[in-house]
Amino acid sequence: MNDPRIAMIWAQATNGVIGAGGDIPWHLPEDFRHFRELTAGQPVIMGRRTWDSLPEKSRPLPGRPNIVITGQDAWAADGALRASSLSDALSLANGAAGPGERLWVIGGGRIYAEAMSVAGTAVITVIDKDVDGDTFAPELGAEWSMTAVEPATAWYEGANGTRYRFETWSHA
């Protein structure tokens with residue numbers, strides 16, 4: 001059984017793209033706010049390339065322990081804990097989390113692929129358009145089921161006209 005405390009979170013276009021050239025290929029402030037609200041105060045786990053893709057002013061992500069997975073033994077960054085593997089990162093996150101808090105896996109593609117075997121929850125912002133990109137969301141197999149969607153029908157529309165919805169999936 002996958003651990004319901006371990007949650008993955010990402011935004012993806014309808015064609016599964018989550019990144020292009022180390023960046024997010026859309027701008028949706030409502031998704032950033034959703035991410036910030038869900039992960040606030042709880043550990044976030046990411047790969048080094050995801051860390052590097054964050055704007056410098058946002059590193060570390062404020063108000064939460066930042067754990068960065070890298071194979072570079074000498075890597076260090078202010079405000080980040082270095083982990084050598086997903087297992088190591090989850091141990092660090094467990095130590096930093098309060099009772100009942102989630103351990104959030106926030107990317108990138110390789111880290112999501114590894115986390116699929118342990119995560120119990122996936123929270124996905126679906127952007128209602130296809131975009132070009134080079135990094136794709138993991139495919140949730142038959143062992144995953146959607147447990148919530150907001151809005152229940154149709155789409156939200158962002159201030160910039162981008163249509164989106166929030167989906168929550170659970171591992172059976």
Side-chain angles (χ1 to χ4, degrees), residues 2-47 49-67 93 97-98 100-116 118-172:
N2 290 33
D3 188 339
R5 285 187 64 216
I6 302 171
M8 301 180 294
I9 186 168
W10 69 79
Q12 71 177 58
T14 50
N15 63 343
V17 168
I18 62 172
D23 204 359
I24 299 171
W26 53 76
H27 181 72
L28 184 61
E30 293 85 354
D31 180 49
F32 294 139
R33 184 172 45 253
H34 181 250
F35 173 88
R36 199 171 44 250
E37 289 170 358
L38 285 180
T39 64
Q42 300 170 81
V44 291
I45 298 168
M46 69 195 90
R49 281 182 264 179
T50 297
W51 170 270
D52 289 345
S53 75
L54 297 173
E56 265 190 65
K57 65 181 171 114
S58 298
R59 290 189 311 233
L61 292 173
R64 63 211 97 166
N66 286 232
I67 301 163
E101 288 184 342
R102 285 201 162 142
L103 317 179
W104 290 98
V105 176
I106 67 168
R110 184 181 64 82
I111 305 302
Y112 288 132
E114 286 183 53
M116 291 289 286
V118 293
T121 305
V123 177
I124 305 166
T125 302
V126 179
I127 309 297
D128 187 27
K129 63 180 170 180
D130 288 347
V131 299
D132 291 330
D134 54 22
T135 307
F136 292 84
E139 290 191 32
L140 300 177
E143 66 278 9
W144 290 87
S145 59
M146 189 172 10
T147 55
V149 62
E150 295 176 42
T153 60
W155 300 84
Y156 289 126
E157 187 169 321
N160 64 8
T162 301
R163 291 170 20 121
Y164 65 98
R165 70 175 172 238
F166 302 121
E167 297 178 353
T168 302
W169 292 74
S170 294
H171 191 276

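Because the structure is a prediction, the values reported are computed rather than measured.
- At most 12 heavy atoms of other shown residues, nucleotides or ligands fall within 6.0 angstrom of atom CZ in R49.
- In this view, S170 satisfies the side-chain hydrogen bond (donor to acceptor under 3.5 Å, both in side chains) rule with no residue, not counting sequence neighbours.
- Summarising the geometry of P4 relative to T121, their closest heavy-atom pair is O-OG1, 3.5 Å, with the distance given to 0.1 Å.
- What you find for A20 and D134 is that their closest heavy atoms are CA-OD1, 3.5 Å.
- Partner of W10 under the ring-ring contact (aromatic ring centres under 6.0 Å, His included) criterion, out of F136, Y112, W104: Y112 alone.
- Contact annotation: the side chain of M8 approaches that of M116 to within less than 4.5 Å [non-hydrogen atoms, C-beta and beyond].
- For P25 against V17, the heavy-atom pair with the smallest separation is CG-CG1, 4.0 Å.
- Between P65 and G41, the shortest heavy-atom contact is CD-O, 4.3 Å.
- With hydrogens and angles disregarded, no donor-acceptor distance shorter than 3.5 Å links the side chain of R64 to the backbone of V44.
- Taking all atoms of both residues into account, the shortest heavy-atom contact from P29 to N160 is CD-ND2, 4.3 Å.
- In this structure, T135 OG1 and I24 CD1 are separated by 11.0 Å, a value rounded to the nearest 0.5 Å.
- The CD atom of Q42 sits 8.0 Å away from the CZ atom of R102 when rounded to the nearest 0.5 Å.
- Other residues, nucleotides and ligands place no more than 12 heavy atoms under 6.0 Å from the CG atom of D132.
- Of the possible polar contacts, none joining the R5 side chain to the L103 backbone as a donor-acceptor pair under 3.5 Å is found.
- Of all heavy-atom pairs spanning W169 and M146, the tightest one is CE3-N, 3.3 Å.
- D130 contributes no side-chain N or O that, together with a main-chain N or O of A13, makes up a donor-acceptor pair within less than 3.5 Å.
- Applying the side-chain hydrogen bond (donor to acceptor under 3.5 Å, both in side chains) rule to pairs touching residues 17-35 yields D31-T125, sequence neighbours excluded.
- Once rounded to the nearest 0.5 Å, the distance linking CG of N2 with CH2 of W144 reads 6.0 Å.
- For E143, the CD atom counts as densely surrounded, since its 6.0 Å shell holds more than 12 non-hydrogen atoms of other residues, nucleotides or ligands.
- Interatomic distance, CZ of R165 versus OG1 of T153, reported as 10.5 Å (0.5 Å rounding).
- At a threshold of 4.5 Å between non-hydrogen side-chain atoms, the residues V118 and D3 do not count as touching.
- Atoms CH2 and CG, from W155 and D128 in turn, are 4.0 Å apart once rounded to the nearest 0.5 Å.
- Side-chain atoms of R163 do not come within 3.5 Å of backbone N or O of G161 as any donor-acceptor pair.
- Proximity of T39 to L61: side-chain heavy atoms (C-beta onward) are nowhere separated by under 4.5 Å.
- In this structure, the separation between OG1 on T50 and CG on N66 is 11.5 Å, given to the nearest 0.5 Å.
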